[in-house]
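Following: one structure in structure tokens, then a few remarks.
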Amino acid sequence: MTTPTRNTIMRLAVASACSWIALSAQAQAQAEATAQTQTPPAGAEAQSGAPQAPAAPEAAAPVQNVVTVSGSRIAARGFTQPTPTTTLGADDLAKGAQPNIFNSIAELPALQGSTGRTTSTNSTSSGVQGLSSLSLRGLGAIRTLTLLDGQRVVGANVTGVTDVSQFPQLLIKRVDVVTGGASASYGSDAIGGVVNFITDKRFQGFKANVMGGQTTYHDDKTGTLQAAWGDSFMDDRLHVQVSGEYGRQKGIDSPGFGEVGPNGRTWYQNPAFQVRPLSQTNDGKPQYYSVLHAQQYQYAKYGLITNGPLQGTAFGANGQPYQFNYGSNGVPTGTGAVTGCINPLCIGGDLSGSVGAGTNLAMDLTRQVAYTRVGFDINPDHEIYMTANFGKVKSAFSPNPGAAKNANLTIQCSNPYLPASIAAACAANNITSFQYGTANAIFPENINVHPTRQMERVVVGGTGKFQLLGKEWSYDAYAEHGANKTDIIVNDMTLNARYNAAIDAVRAADGTIVCRNPVAAGSGCKPLNIIGNNPVDAAAWSYIAPENGPRQHTRQTQDVASVNFSGEAFESWAGPIAVATGAEYRREHYKVTGDPYGNGIFPDSQNTAEYPADPLLNTTVGNNWYAGNYHNASGTYNVKEAYVELNVPVLKSATWGEANVNMADRHTKYSTSGHVESWKLGASWKTGIDGLRLRAVTSKDVRAPNLSELYAAQVVVNNVVAYQGNTIGIQQRTVGNTRLRPEIARNNTAGIVLTQPSWAPGFSASIDYFDIKVDGVISALTAQQEVDLCVAGNQEICGAMVLNSPVASNNYVTVQAFNLASLRTKGYDLEGAYRMNLKDWGVPGRLTFRALVTRNISFLTDPGVVGTIPSEGAGANLGATPKWKGLASQSWDTDKYSLTLTERWISKGVYSNEYIECQTNCPVSTTIHPTIFDNKMKGAFYVDLGGSYKLGDKTTAYFKIDNIGNVDPAPAPQTNLSFGINPQLYDVLGRVYRVGVRYNF
């Protein structure tokens, strides 16, 4: 829709609203004379605007409802919003029996790409380790607005993403998932939708939950303890709720080196992609091969000579040399290549040095959460309140074992640790050094990362109602201050320069072995023997991996002041014309500091006793660690915004039903990027056909650049890229961009809802089509994409990298975000529920069926860079958007016990929709459309079983078994060795057992 057309429609909509208001008195008189009052049934439809497990038919008596739905700010009698919303109540969450409420929500089909403790376990610097964040439509957590009681929550990292594990889980009475754009109602970040956690503000009594569990492999042992209390005082005017919880999920430890899964998991088989150079794909064979039992031939577990006349010599116990078994019948060429293998991988052979499985399958996660709300009714119409949140989430994991060196070391033939036979072979072949690679399996400890997030948040506010011009209005005003402190502590991390100095050993005149570099030797260098499996000298380990490793401290604050009004301004012949309006001010700030070895020496990161000066280390840019080079940064922005929303009834007829138009407009001014407008225009029609309703909404939604995108300091991680037929180790340097603009989205949805028709009482269903297009997407190309574009001749991109430095550790690729890309996703949601009372069949209890399915028709990403084309993500199961994702449940509930069977389904897919699958006569492969031998990736079907039994009036025991069939995750190969799984889509833990007891008084 063009801008003039859109503006015309909006003006006409507003003009129509004004016309209705002007004629309201006459219309109301006419309505009193000709119309009969019609009200919606109570239950899920009135609450959420979407079907859910409905109340029993006899409970669906017509009543007058005034509710505020999460997809709108309107509170009005009989208001049915046009934006689709799925609701999970407290009973639904309880049946999930999860130690973290995040897991129950993330199973919903519309939630795709959420992050939890099984994601990013191979990273030291991603910033999302242990972060429970929700993502709608696969658009990312940064485009999903997560609220607590309709209020913003301080971000748990610099992207502004909220950690829902810090919420008071036991006091959550419902969760509304708004699967449509809601920026006009709630502001920035609601491109994918809103997830709103609603607490029980009038809870009275005491309840507790104790739960424990583990996997079928006797790991990831879990314990959860939760309690909540609430009461009223002073003649029911003072309301107090308090909750606290402690939870521990011990995780699944790294199995170390080799092709071995943790604790008996046999599914891990070193999956990877073998990738041939583009220049060799004119032979009719594919470029990509998906293989199992992949092995790096650029290093071995305890060391391997990777080039020259001695290539293929590996080292074992006590440094004894032997001929390495490459697999693939590979034979070293002496030039760094291996016949029968595709750089850098062979198949089979000596897999003992593989590092792919050497990361935690799930993090060790500890949660401590406290929450209180105190409300005081000044009179029956006005309440003031205060809420306070405290949440502390600690994680621990190992991203990889050792510190693999991919053929990027040089060992001098004079190294005294070399066996005499190798020294002699050097002399015989007239060489003085050789290229070397090692997994560094001799290291006494694996790298281990310990992120800790601590949230402190206070809200003071007031709610109530008042009379204005003969009409009742409601208001809600609040002020919030939140702070989140994140500390990342990394232990057993090596310093590159010290490692390189320590392995370059010589024999001194007195016969002792020392570091060759006199500067290093004078500053404490201790020689390290990496030739074979030898115990690491404690002094050498302390030198290369000092006690104080990489450190990062981040403090992020959020201050919000908000006021909202809602009421029925006028009565028209078709019903009340409702208005909601409000304004908000928000300030976001963060400051992050790193250690001086990672950041470099600056006024706020000086050398200390914990990080003493070292002449070997780079003091200008830092980046001295093998990984985890954290840098200092800070930034602040503020937001001022105001909105108005109208609901205008346009039809009320016994024959044609009821219809309303819902519209909203929000103006926002960012201190960084200026003014932006968001709006929505929707309609809902309750037709004259029994139970049938139609709804549609179109909106303009925005996401402003977050603190990280604007002000992020340079973050450096180790990566590898394919360049000129070789795998090159690089530093990937990611930096912020203060010139970013807000992302602009158009969000269109249209749906049909059937709610408890008289011919099928207890049945509800809906189908909603969605089409979301986001322009000016803030994104960055991957390091490999930048390298490929440089090779293709893009000189601007070439300026962001160095790949041929004489010092291999100085190779880098700079990754920076720009408003270059666009996204477009299309699909539809299906939801159905049926509830029946079994007493008519002579069976006790109620039977409830519910199913939710999301079909992704398309998820198109256009990088916006010359030389690239849009890529299709729907059905690419290495990503987050399968073609189909479904969730179904069948529950039998009685007053004494319940049983629930749940099915989770992910459709089969491909590795990438851009690959061309072929075995022979393949076209020449291109960067845009590579050829691949097999482009199929399995789907998954999981079955869960849960149940409860009431031991007494106040005590209920329950159990839950997830993934009863112990279905293994589908292999998800990468171009380098990894665990080869996709935890965003697949269950990676296996069968999980949980049991617990709930107490309610």
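Every heavy atom of this structure was used, including side-chain atoms; hydrogens, water molecules and symmetry mates were not.
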| message | Does the structure place the NZ or CZ of Arg587 under 6.0 Å from the centre of the six-membered ring of Tyr637, at an angle of no more than 45° from the ring's axis? | response | no
| What's the shortest heavy-atom distance between Val154 and Gln558, and which atoms? | N-OE1, 3.2 Å
| Which residue pairs pass the salt bridge (Lys or Arg N to Asp or Glu O under 4.0 Å) test with at least one member in residues 160-172, sequence neighbours excluded? | none
| Less than 4.0 Å between a side-chain N and a carboxylate O, is that true for Asp377 and Arg202? | yes
| query | Strictly under 6.0 Å, is that where the ring centroids of Phe376 and His382 end up? | reply | no
| message | So which atom in Glu383 and which in Gly375 form the shortest heavy-atom distance, rounded to 0.1 Å? | response | OE2-CA, 3.4 Å
| query | For the side chain of Thr199 and the backbone of Leu171, is there at least one donor-acceptor N/O pair under 3.5 Å apart? | reply | no
| said: Determine whether a donor-acceptor pair (N or O, by modelled atom type, separation under 3.5 Å) exists between the side chain of Lys773 and the backbone of Thr825. | reply: no
| query | Is a side-chain donor or acceptor of Arg237 paired with a backbone partner of Ile378 at a separation under 3.5 angstrom? | reply | yes
| message | I want to check something: taking the side chain as every heavy atom from C-beta on, are Glu588 and Asn638 in contact at a cut-off of under 4.5 Å? | response | no
| said: So Val175 and Leu93, do their side chains get closer than 4.5 Å, heavy atoms only? | reply: yes
| said: Salt bridge check, Asp149 against Lys201: does any charged N sit closer than 4.0 Å to a carboxylate O? | reply: yes
| said: I'd like to know whether CG of Leu469 has more than 12 heavy-atom contacts from other residues, nucleotides or ligands below 6.0 angstrom. | reply: no
| request: Search all heavy atoms of Ala90 against all heavy atoms of Ile172 and return the closest pair with its distance. | output: CB-O, 4.0 Å
| task | Kindly determine whether Ser114 and Phe102 satisfy side-chain contact (heavy atoms from CB on, under 4.5 Å), including the steps that lead there. | result | CA-CA 9 Å; Ser114 303; Phe102 161 83; 3.8 Å; yes
| query | Hey, is Arg666 close enough to Glu641 for a salt bridge, meaning N to O under 4.0 Å? | reply | yes
| CA sep, side-chain torsions, deciding dist, call: Ile744, Lys700, side-chain contact (heavy atoms from CB on, under 4.5 Å) | CA-CA 7 Å; Ile744 305 297; Lys700 174 187 174 183; 3.7 Å; yes
| query | Any side-chain heavy atom of Arg703 within less than 4.5 Å of one from Leu139? | reply | no
| When rounded to the nearest 0.5 angstrom, what is the spacing between CH2 in Trp473 and CG in Leu468? | 6.5 Å
| field | Nearest heavy-atom neighbours spanning Val460 and Met386 | value | CG1-CG, 4.0 Å
| Ionic contact status for Asp701 with Arg143, cut-off 4.0 Å | no
| query | side chain to side chain donor-acceptor pair (under 3.5 Å) between Asn748 and Tyr769: does it pass, once the steps are laid out? | reply | CA-CA 8 Å; Asn748 301 301; Tyr769 173 81; over 6 Å; no
| request: To the nearest 0.5 Å, tell me how far Leu694 CG sits from Leu754 CG. | output: 11.0 Å
| query | Between Glu743 and Ala704, is there a donor-acceptor pair closer than 3.5 Å when you use the side chain of the first and the backbone of the second? | reply | no
| field | CD1 on Ile767 to CG on Leu830, rounded to 0.5 Å | value | 4.5 Å
| query | Where does the angle between the aromatic ring planes of Phe763 and Tyr834 fall among parallel (under 30°), tilted (30 to 60°) and perpendicular (over 60°)? | reply | tilted
| Arg850/Glu831 salt bridge by N-O under 4.0 Å criterion | yes
| message | With a 3.5 Å distance limit and no angle check, can you tell me whether Asp665 reaches the backbone of Trp679 through a side-chain donor-acceptor pair? | response | no
| message | Tell me if a side-chain donor or acceptor on Thr372 pairs with a main-chain N or O of Gln241 at a distance below 3.5 Å. | response | yes
| Over all atoms of both residues, closest heavy-atom pair of Ser183 and Ile191 | OG-N, 4.4 Å
| message | I'd like to check Pro705 versus Arg741 (side-chain heavy atoms, cut-off strictly below 4.5 Å). Are they in contact? | response | no
| query | Do Arg373's NZ or CZ and the ring of Tyr385 fall within the cation-pi criteria of under 6.0 Å and 45°? | reply | yes
| Nearest non-hydrogen partners of Lys885 and Leu108, listed with the distance | NZ-O, 3.4 Å
| said: With a 6.0 Å cut-off (strictly less than), is the heavy-atom count around CG of Asp559, excluding the residue itself, greater than 12? | reply: yes
| said: Please evaluate residues Asn660 and Asn647 with respect to the criterion side chain to side chain donor-acceptor pair (under 3.5 Å), reporting the C-alpha separation (whole Å), side-chain torsions for both, the decisive distance (0.1 Å), and the verdict. | reply: CA-CA 7 Å; Asn660 62 281; Asn647 180 65; 2.6 Å; yes
| task | Applying salt bridge (Lys or Arg N to Asp or Glu O under 4.0 Å) between Asp771 and each of Arg746, Arg137, Arg824, Lys826, report the one that passes. | result | Arg824
| field | Presence of salt bridge, Arg174 and Asp176, under 4.0 angstrom | value | yes
| task | Enter the distance from Met663:CE to Ile74:CD1 here, rounded to the nearest 0.5 Å. | result | 10.0 Å
| query | Between Gln81 (side chain) and Thr83 (backbone), is there a donor-acceptor pair under 3.5 Å? | reply | yes
| request: Using a 4.5 Å cut-off on heavy atoms from C-beta on, say whether the side chain of Asp690 contacts that of Trp759. | output: yes
| query | Do the side chain of Thr144 and the main chain of Leu136 share a donor and acceptor less than 3.5 angstrom apart? | reply | yes
| For His239, does its backbone N or O pair with a side-chain atom of Ser232 as donor and acceptor, under 3.5 Å? | no
| Does any non-hydrogen side-chain atom of Val639 lie less than 4.5 Å from one of Tyr585? | no
| request: State whether Lys640 and Glu584 are salt-bridged, where the test is any N-O pair (Lys NZ or Arg NE/NH1/NH2 against Asp/Glu carboxylate O) under 4.0 Å. | output: no
| task | Find the distance between CG (Leu651) and OG (Ser684) and round it off to the nearest 0.5 Å. | result | 11.0 Å
| request: Take Tyr478 and Thr463, measure what side-chain contact (heavy atoms from CB on, under 4.5 Å) needs, and give me the verdict at the end. | output: CA-CA 9 Å; Tyr478 76 92; Thr463 63; over 6 Å; no
| task | Measure from the side-chain N and O atoms of Ser135 to the backbone N and O of Gln112, and report whether any donor-acceptor pair falls under 3.5 Å. | result | yes
| Flag side-chain contact, heavy atom, 4.5 Å: Ser188 against Tyr670 | yes
| message | Please list all pairs meeting salt bridge (Lys or Arg N to Asp or Glu O under 4.0 Å) that have one or both residues in residues 185-198, counting only residues at least two apart or in different chains. | response | Arg152-Asp189
| said: Using a strict threshold of under 4.0 Å (side-chain N to carboxylate O), is an ion pair present between Asp768 and Arg695? | reply: yes
| field | Within-4.5 Å side-chain heavy-atom neighbours: Val178 and Asn196 | value | no
| message | Please enumerate all residues that pass ring pair (Phe, Tyr, Trp, His ring centres under 6.0 Å) together with Phe167, with sequence neighbours excluded. | response | Phe197
| Step-by-step side chain to side chain donor-acceptor pair (under 3.5 Å) determination, Ser566 to Arg73 | CA-CA 7 Å; Ser566 178; Arg73 297 280 191 174; over 6 Å; no
| Residue pair Gln151 / Ser562, side-chain donor-acceptor N/O under 3.5 Å | no
| field | Residues Asn662, Leu646; criterion side-chain contact (heavy atoms from CB on, under 4.5 Å); working and verdict | value | CA-CA 6 Å; Asn662 179 239; Leu646 294 174; over 6 Å; no
